Amino acid sequence: QQGGATGNAGANESSPKIDLPHWKISLPKMTEDSDIIAFFCSCEKAAIVNEIDREIWAKILPSYLTSKALKVFGQLSIEQCAQYETIKGQLCNFFRATPDFYLNQWERASRSGSDSYALFLNKLREMQHYYMKARDIDSLEGLMDDMVLQKFVKSLSPKVAEFVIARQPETAEQAAKFADLCYSVQ
């Protein structure tokens, strides 16, 4: 008796069992108007909730990307394609999902006449969340240092600010050291 994918008792054990992996139907698909950070946040949460091993995230991600994102993916080396965080970083850079982008969006946000105040507040929180994700801020201390860093850089003269920003400080302390270095060179 020849067994198939029907699961009949007594089926030939050499017949392959066809199982659709649960992640095929449970992860969000990127759309052309998706915010890249929102897409990755949703995918990561869905993968965790569905207990998908992080080791295979890089393998399954391409099937959820748009054609535009797949072009970026296609330009990566095989080694890069095997690293989820590398793929994510390259796509975020390509789609300009930089911390500055989200910070500028947050700073320029204003409520439109048709939005409720509660909806506007939710949008502000969402932009702040995406900014923090883009900056890899995951603690109160990190957020506090980032706020000081942003204020510090805005307080600098244009020449010193340009010098500091070009060096991409990750902390307020680094920014101050770069500013002092620029000042001592002048």
Side-chain angles (χ1 to χ4, degrees), residues 23-110 119-154 161-175 178:
W23 48 262
K24 279 286 193 194
I25 57 171
S26 58
L27 295 181
K29 189 149 178 77
M30 179 186 257
T31 62
E32 294 299 330
D33 61 344
S34 292
D35 178 281
I36 192 75
I37 299 288
F39 168 73
F40 278 113
C41 286
S42 298
C43 269
E44 290 168 7
K45 283 182 182 180
I48 291 166
V49 166
N50 288 289
E51 300 176 346
I52 299 171
D53 186 356
R54 191 173 180 87
E55 295 296 315
I56 67 167
W57 289 8
K59 294 176 184 176
I60 63 175
L61 180 63
S63 61
Y64 296 95
L65 300 177
T66 62
S67 59
K68 191 175 184 179
L70 280 171
K71 287 179 184 176
V72 175
F73 178 80
Q75 294 174 1
L76 302 177
S77 71
I78 296 297
E79 292 79 22
Q80 290 174 313
C81 289
Q83 310 258 335
Y84 174 78
E85 290 298 328
T86 300
I87 298 167
K88 179 180 172 181
Q90 292 293 321
L91 288 172
C92 286
N93 286 338
F94 178 79
F95 286 102
R96 292 175 174 63
T98 63
D100 287 341
F101 170 78
Y102 290 109
L103 183 61
N104 287 336
Q105 247 190 347
W106 189 79
E107 288 175 341
R108 289 182 292 133
S110 62
L119 179 60
F120 177 61
L121 178 61
N122 191 48
K123 286 179 181 180
L124 287 174
R125 286 183 174 146
E126 185 177 86
M127 285 183 260
Q128 183 184 41
H129 174 74
Y130 294 157
Y131 170 75
M132 290 174 65
K133 281 291 223 181
R135 286 277 296 156
D136 290 324
I137 297 171
D138 59 3
S139 68
L140 179 59
E141 292 79 22
L143 180 58
M144 291 169 56
D145 186 69
D146 188 71
M147 291 173 68
V148 171
L149 170 63
Q150 299 307 322
K151 179 65 175 171
F152 179 77
V153 170
K154 287 180 180 177
E162 183 180 336
F163 182 87
V164 170
I165 291 168
R167 280 142 188 85
Q168 300 178 336
E170 293 184 15
T171 65
E173 191 171 324
Q174 284 180 345
F178 292 143

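Please read all numbers here as calculations on a predicted model, not as lab measurements. Note that these values count all heavy atoms, side chains included, but never hydrogens, waters or copies made by symmetry.
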What is the distance from atom [atom1] of [X] to atom [atom2] of [Y], rounded to the nearest 0.5 Å?
| X | Y | atom1 | atom2 | result |
| --- | --- | --- | --- | --- |
| Leu65 | Leu70 | CG | CG | 5.0 Å |
| Asp100 | Gln105 | CG | CD | 12.0 Å |
| Leu27 | Lys45 | CG | NZ | 14.0 Å |
| Arg167 | Glu162 | CZ | CD | 9.5 Å |
| Gln128 | Leu143 | CD | CG | 6.0 Å |

Where do [X] and [Y] come nearest, in terms of heavy atoms and distance?
| X | Y | value |
| --- | --- | --- |
| Ser139 | Gly142 | OG-N, 3.0 Å |
| Ile87 | Cys81 | CD1-O, 3.2 Å |
| Glu32 | Thr66 | OE2-CB, 3.4 Å |
| Ala134 | Thr98 | CB-C, 4.2 Å |
| Thr171 | Gln174 | OG1-N, 3.0 Å |
| Met30 | Ala69 | SD-CB, 3.7 Å |

Task: Pair listing, salt bridge (Lys or Arg N to Asp or Glu O under 4.0 Å) test, anchored in residues 134-148, at least two apart - done: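 Matches after skipping sequence neighbours: Arg135-Asp146.
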TODO: Could you list all the salt bridge (Lys or Arg N to Asp or Glu O under 4.0 Å) pairs where at least one residue sits in residues 61-89, not counting sequence neighbours?
DONE: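 Counting only pairs at least two positions apart or across chains, the salt bridge (Lys or Arg N to Asp or Glu O under 4.0 Å) contacts touching residues 61-89 are Glu44-Lys88, Arg54-Glu85.
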Open item on the list: I'd like to know whether CD of Gln80 has more than 12 heavy-atom contacts from other residues, nucleotides or ligands below 6.0 angstrom.
Closed with: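 Yes.
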TODO: Can you sort out the partners of Trp106 under ring pair (Phe, Tyr, Trp, His ring centres under 6.0 Å), two or more places apart, ordered by chain and number?
DONE: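 Trp106 satisfies ring pair (Phe, Tyr, Trp, His ring centres under 6.0 Å) with no residue once adjacent residues are dropped.
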Task: Under 3.5 Å: donor-acceptor pair, side chain of Lys29, backbone of Ser63 - done: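 A pair under 3.5 Å: yes.
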Task: Asp53 side chain vs Glu55 backbone, donor-acceptor pair below 3.5 Å - done: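 Yes.
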Note, [X] side chain near [Y] side chain (heavy atom, < 4.5 Å):
| X | Y | value |
| --- | --- | --- |
| Glu126 | Tyr130 | yes |
| Ile52 | Trp57 | yes |
| Lys133 | His129 | yes |

Side-chain donor-acceptor pairs under 3.5 Å in residues 34-43, sequence neighbours left out?
| residue | atom | partner | partner atom | Å |
| --- | --- | --- | --- | --- |
| Ser34 | OG | Thr31 | N | 2.8 |
| Ser34 | OG | Thr31 | O | 3.2 |
| Ser34 | OG | Thr31 | OG1 | 2.8 |
| Asp35 | OD1 | Ile37 | N | 3.0 |
| Asp35 | OD1 | Ala38 | N | 3.0 |
| Asp35 | OD1 | Tyr102 | OH | 2.8 |
| Asp35 | OD2 | Tyr102 | OH | 3.0 |
| Ser42 | OG | Ala38 | O | 3.0 |

Task: Non-neighbouring partners of Lys154 that pass salt bridge (charged side-chain N to carboxylate O under 4.0 Å, His left out), sequence neighbours left out - done: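 Checked Lys154 against salt bridge (charged side-chain N to carboxylate O under 4.0 Å, His left out); matches are Glu107.
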Task: Residue list, salt bridge (charged side-chain N to carboxylate O under 4.0 Å, His left out) with Glu173, at least two apart or on another chain - done: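 With neighbours one apart ignored, the set is Lys177.
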